[in-house]
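Accompanying notes for the structure given below.
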Amino acid sequence: MNVRKFTAPTSREAWHLVREALGADAVILSNRSVEGGTEILALAGEDMAALAAPVVEKTAISPHTLAALSTKRAEAPALSFAQPNAAINIKPAAKATPAVAPAKQSAHAEVAPAASAFDRSELDSVMNEIRSMRGMLEMQLAELAWTDQQKKEPAKSSVLREMLAAGFSASLSRYMIERMPAGASHKQGMSWIQGVLAKNLTTITSDDEILEKGGVYALVGPTGVGKTTTTAKLAARCVMRHGAGKLALITTDGYRIGGYEQLRIYGKILGVMVHSVKDEADLRIALEELKGKHTILIDTVGVSQRDKMVAEQIAMLSGAGTEVKRLLCLNATSNGETLNEVARAYMGDGLAGCILTKLDEAATIGNALDVAIRQKLNLYYVANGQRVPEDLHVANKAYLVDRAFKLKRETAPFRFNDAEIPLVMANTARAMNDKSLREVILG
């Protein structure tokens, strides 16, 4: 099947190109606005006719629905009330009564709602079958389009495989591949992709963002992402720069066994007292008492992104009477869907930034970079080990993008082969309307 792409400044001109190339019987597969004009994907009429037979056979209406429709047609005359004298099969009562006419009217009244419910049920069933057929047809046509592109633009296909193997989402990969400069080689394409990814990553320039400016910072995130260890690493850097007297540590982790003790041990080593708070009132009092400190670090209790306590935690930090900058700790070993869900849950009225943790344990980090780009998170630090304070580094976006592709998946079953890519990319059509993708800076 030869799915062709036509691009022109206006939809009228694009349609004119389609008719010239494929004739008046051409089938329009998609019509959308792109940078610089309109893009149409079209299929010749004869190709569509050849495609129709197997698609219909594969997605035919189910036998159950056909049987129900046949039964409905056979029973239609008995259910029609346009013929008042028509016979209705009602089970007779034990003893006949003279009131025949009222009995018939009652039977009509009882059958009418049943008939109406039957009509709605079967209509819903047929509509569901039609939607299923349409979805499968769109999927097959999209697969054909991507298979065709693999043959026509092998460099784009090879770059796409690299992005997927590095852990980037199919939707972001497709968005960028479709906008990659035409005619670029694999090397040129990879250079362009890495440049665009780096441009869309926001990072701090140096430690001075926290160590010199100071302020109140709360490390937030789900359980087990390394908040306490990261807090200790930041605390050690602050003590090395300004001394123990300029730093204060606060923990809200009164739930986890040993949570307070772990931070207290770090504080004892650094010569810094650790204050434990339970609620917003306690936090207000603690921050008021510690307002003379240059830097205050708050280690919060870990909360699942699906727990209502996330909103309560955000409200507590926001209502503390002092500006508290929240830094979200993201576990680089989590998949993209989970990280995106975490970021959205903890966003609240805005995050100051994020810290990527456990880079040393992650097989791929494209998923984490994808979420940072998609959610426009300011990346402060990356953590790659348990050593305090050595294993904490200011984020370098060029290094992170390069590392993402060096850590790409090399073996099955998690690496996509050529035959699987069209199916994977065909599923991303709806995601292309994602507002976060449209805000990605290209070029």
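Predicted model, so just to flag it, every value in this text is computed and none were measured.
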Between [X] and [Y], what is the shortest heavy-atom contact and its length?
{"X": "Leu356", "Y": "Leu379", "result": "CG-CD1, 3.7 Å"}
{"X": "Ala166", "Y": "Phe405", "result": "CB-CD2, 4.0 Å"}
{"X": "Asn378", "Y": "Ala352", "result": "CB-O, 3.6 Å"}
{"X": "Phe6", "Y": "Leu17", "result": "CE2-O, 3.7 Å"}
{"X": "Ala343", "Y": "Val371", "result": "CB-CG1, 4.1 Å"}
{"X": "Leu270", "Y": "Ala235", "result": "CD1-CB, 3.7 Å"}

Counting N and O atoms only, with roles assigned by atom type, does the side chain of [X] sit under 3.5 Å from a partner on the main chain of [Y], one being a donor and the other an acceptor?
{"X": "Thr229", "Y": "Gly226", "answer": "no"}
{"X": "Gln188", "Y": "Ser185", "answer": "yes"}
{"X": "Asp279", "Y": "Asp282", "answer": "yes"}
{"X": "Lys268", "Y": "Met273", "answer": "no"}
{"X": "Asn200", "Y": "Val196", "answer": "yes"}
{"X": "Asp370", "Y": "Gly366", "answer": "no"}

Ion pair check, [X] and [Y], cut-off under 4.0 Å:
{"X": "Asp391", "Y": "Arg387", "result": "yes"}
{"X": "Glu390", "Y": "Lys233", "result": "no"}
{"X": "Glu212", "Y": "Arg241", "result": "yes"}

Supply the atom-to-atom distance [X] [atom1] to [Y] [atom2], rounded to the nearest 0.5 angstrom.
{"X": "Leu172", "Y": "Ile193", "atom1": "CG", "atom2": "CD1", "result": "8.5 Å"}
{"X": "Leu392", "Y": "Tyr381", "atom1": "CG", "atom2": "OH", "result": "6.0 Å"}
{"X": "Thr251", "Y": "Leu219", "atom1": "OG1", "atom2": "CG", "result": "11.0 Å"}
{"X": "Ile210", "Y": "Tyr217", "atom1": "CD1", "atom2": "OH", "result": "5.0 Å"}
{"X": "Ile355", "Y": "Tyr380", "atom1": "CD1", "atom2": "OH", "result": "9.0 Å"}
{"X": "Leu339", "Y": "Gln305", "atom1": "CG", "atom2": "CD", "result": "9.0 Å"}

Taking the side chain as every heavy atom from C-beta outward, state whether [X] and [Y] have any pair of such atoms under 4.5 Å apart.
{"X": "Leu327", "Y": "Val220", "answer": "no"}
{"X": "His275", "Y": "Leu249", "answer": "no"}
{"X": "Glu323", "Y": "Lys325", "answer": "yes"}
{"X": "Leu211", "Y": "Cys238", "answer": "yes"}
{"X": "Gln313", "Y": "Val301", "answer": "yes"}
{"X": "Tyr346", "Y": "Val303", "answer": "yes"}
{"X": "Lys187", "Y": "Val159", "answer": "no"}
{"X": "Leu247", "Y": "Lys293", "answer": "no"}

Is atom [atom1] of [X] surrounded by more than 12 heavy atoms (other residues, nucleotides or ligands) closer than 6.0 Å?
{"X": "His186", "atom1": "NE2", "value": "yes"}
{"X": "Lys246", "atom1": "NZ", "value": "no"}
{"X": "Glu13", "atom1": "CD", "value": "yes"}

- Under the side chain to side chain contact (heavy atoms under 4.5 Å, CB included) rule, what do Leu317 and Leu283 come out as? Steps first, then yes or no, please. CA-CA 8 Å; Leu317 296 172; Leu283 182 59; 4.0 Å; yes
Going by atom types only, do [X] and [Y] share a side-chain donor-acceptor pair under 3.5 Å?
{"X": "Thr295", "Y": "Arg237", "answer": "no"}
{"X": "Asp299", "Y": "Thr228", "answer": "yes"}
{"X": "Thr357", "Y": "Asn331", "answer": "no"}
{"X": "Thr38", "Y": "Arg12", "answer": "no"}

- Item | For Ile265, all residues meeting side chain to side chain contact (heavy atoms under 4.5 Å, CB included), sequence neighbours excluded |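 Ile265: side chain to side chain contact (heavy atoms under 4.5 Å, CB included) contacts with Ile269.
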- Message: Applying side chain to side chain contact (heavy atoms under 4.5 Å, CB included) to Leu201 and Leu197, what does each step give before you reach the verdict?
- Response: CA-CA 6 Å; Leu201 274 175; Leu197 290 172; 5.8 Å; no
- Item | Derivation and outcome, salt bridge (charged side-chain N to carboxylate O under 4.0 Å, His left out), residues Glu288 and Arg284 | CA-CA 6 Å; Glu288 180 64 26; Arg284 277 176 171 270; over 6 Å; no
- Among Thr231, Leu290, Thr300, find the residue that satisfies the side-chain contact (heavy atoms from CB on, under 4.5 Å) test when tested with Ile250.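 With Ile250 as partner, side-chain contact (heavy atoms from CB on, under 4.5 Å) holds for just one option, Leu290.
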- Item | Worked verdict on Ser171 versus Arg374 for side chain to side chain donor-acceptor pair (under 3.5 Å) | CA-CA 11 Å; Ser171 55; Arg374 196 181 291 269; 3.2 Å; yes
- Chi angles and distances behind the side chain to side chain contact (heavy atoms under 4.5 Å, CB included) call for Leu287, Ile296: CA-CA 8 Å; Leu287 290 177; Ile296 301 174; 4.0 Å; yes
- Item | Arg179 NZ/CZ over Tyr175 ring centroid, <6.0 Å and within 45° of normal | yes
- Task: Hey, can you tell me if His242 and His294 have their rings parallel, tilted or perpendicular (30° and 60° cut-offs)?
- Result: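 Correct class here is tilted.
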- Task: Sort and list the pairs that fulfil salt bridge (charged side-chain N to carboxylate O under 4.0 Å, His left out) and have at least one residue in residues 344-366, not counting sequence neighbours.
- Result: Arg326-Asp349
- Under the side chain to side chain contact (heavy atoms under 4.5 Å, CB included) criterion, do Leu400 and Leu369 qualify, and how do the steps go? CA-CA 8 Å; Leu400 288 172; Leu369 301 185; 4.2 Å; yes
